[in-house]
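Basis for what follows: all heavy atoms, side chains included, without hydrogens, waters or symmetry-related copies. One-based numbering along the sequence shown. Predicted model only: the values in this text are computed from it and were never measured.
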Amino acid sequence: MVFGKLQLALVQVALVAGLAVAIILVAWRAQTDPIFALVIGLMFAVTIGAAYVMYRLEERSASSVRAGPRSFQETRRPALAPTVVAADVAVAFRVVRARGACLKGRRVGDVVRVERGGQVSPALCSFGEATLRLAAADSGEPGAKAWCCPVYDHMLVFERQLQAA
């Protein structure tokens with residue numbers, strides 16, 4: 001709704017109208033019992049304010065979900081320590097498929113190495129690095145042929161190379 005230069009959403013109009021009704025009722029009741037009117041008025045104002053705050057928080061979280069993969073930020077690190085790699089030599093992985101765009105700029109065909117100490121070069125996000133450290137620690141027995149970054153919005157699929165590149 002637009003009031004002159006002021007543009008308000010329906011929830012904001014309801015908030016202002018509810019507060020106006022509360023003020024009028026408190027003023028009317030204050031003539032007979034001022035303490036009761038004050039308590040009721042404060043409870044009503046706090047309830048309306050809390051409902052509005054919850055509405056705004058829900059609206060903010062819904063808008064961040066609608067924003068899609070661009071709103072992704074790493075919030076926690078994987079539990080794998082960088083020293084998980086047990087291989088005595090560097091292990092190379094080639095990016096064979098990709099879904100979306102890697103945040104670190106890796107593309108299909110790029111080669112990523114995991115060194116003896118667990119250092120990954122070139123750098124990946126912490127989730128991708130943890131996955132490759134785990135893959136490098138694999139003994140090479142028959143099993144997984146491809147390893148995937150666990151972040152679905154920009155997932156990379158890696159295959160282990162026979163020799164370090």
Rounded at 0.5 Å granularity, tell me how far CD1 in I48 sits from CG in L19.
5.0 Å
Enter the distance from I40:CD1 to I35:CD1 here, rounded to the nearest 0.5 Å.
12.0 Å
Any donor and acceptor pair, going by atom type alone, linking the side chain of [X] with main-chain N or O of [Y] inside 3.5 Å?
{"X": "R133", "Y": "T131", "result": "no"}
{"X": "R106", "Y": "A123", "result": "yes"}
{"X": "R94", "Y": "G109", "result": "yes"}

Hey, what else clusters with L38 if you join Ile, Leu, Val, Met, Phe, Trp, Tyr whenever side-chain heavy atoms sit under 4.5 Å?
L42
Note: with side-chain heavy atoms under 4.5 Å as the link, the other cluster members for V157 come out as V96
Would you indicate whether the side-chain heavy atoms of E159 and F93 approach each other to under 4.5 Å?
no
Quick check: do C102 and R107 have side-chain heavy atoms less than 4.5 Å from each other?
no
State plainly whether one hydrophobic cluster holds both [X] and [Y], where clusters connect Ile, Leu, Val, Met, Phe, Trp and Tyr through side-chain heavy atoms under 4.5 angstrom apart.
{"X": "V39", "Y": "F36", "answer": "yes"}
{"X": "W147", "Y": "M155", "answer": "no"}
{"X": "L134", "Y": "F158", "answer": "yes"}

I'd like to know whether R160 forms a side-chain contact (heavy atoms from CB on, under 4.5 Å) with V91, so could you lay out the CA-CA distance, the side-chain angles of the two residues, the decisive distance to 0.1 Å, and finally the verdict.
CA-CA 7 Å; R160 189 174 184 152; V91 180; 3.4 Å; yes
For the residue pair [X] and [Y], what are the closest heavy atoms and their distance?
{"X": "A92", "Y": "V111", "result": "CB-CG1, 4.0 Å"}
{"X": "L156", "Y": "A98", "result": "CD2-CB, 3.6 Å"}
{"X": "G18", "Y": "F44", "result": "O-CE2, 3.2 Å"}
{"X": "C125", "Y": "C149", "result": "SG-SG, 4.2 Å"}
{"X": "V112", "Y": "P122", "result": "CG1-O, 3.8 Å"}

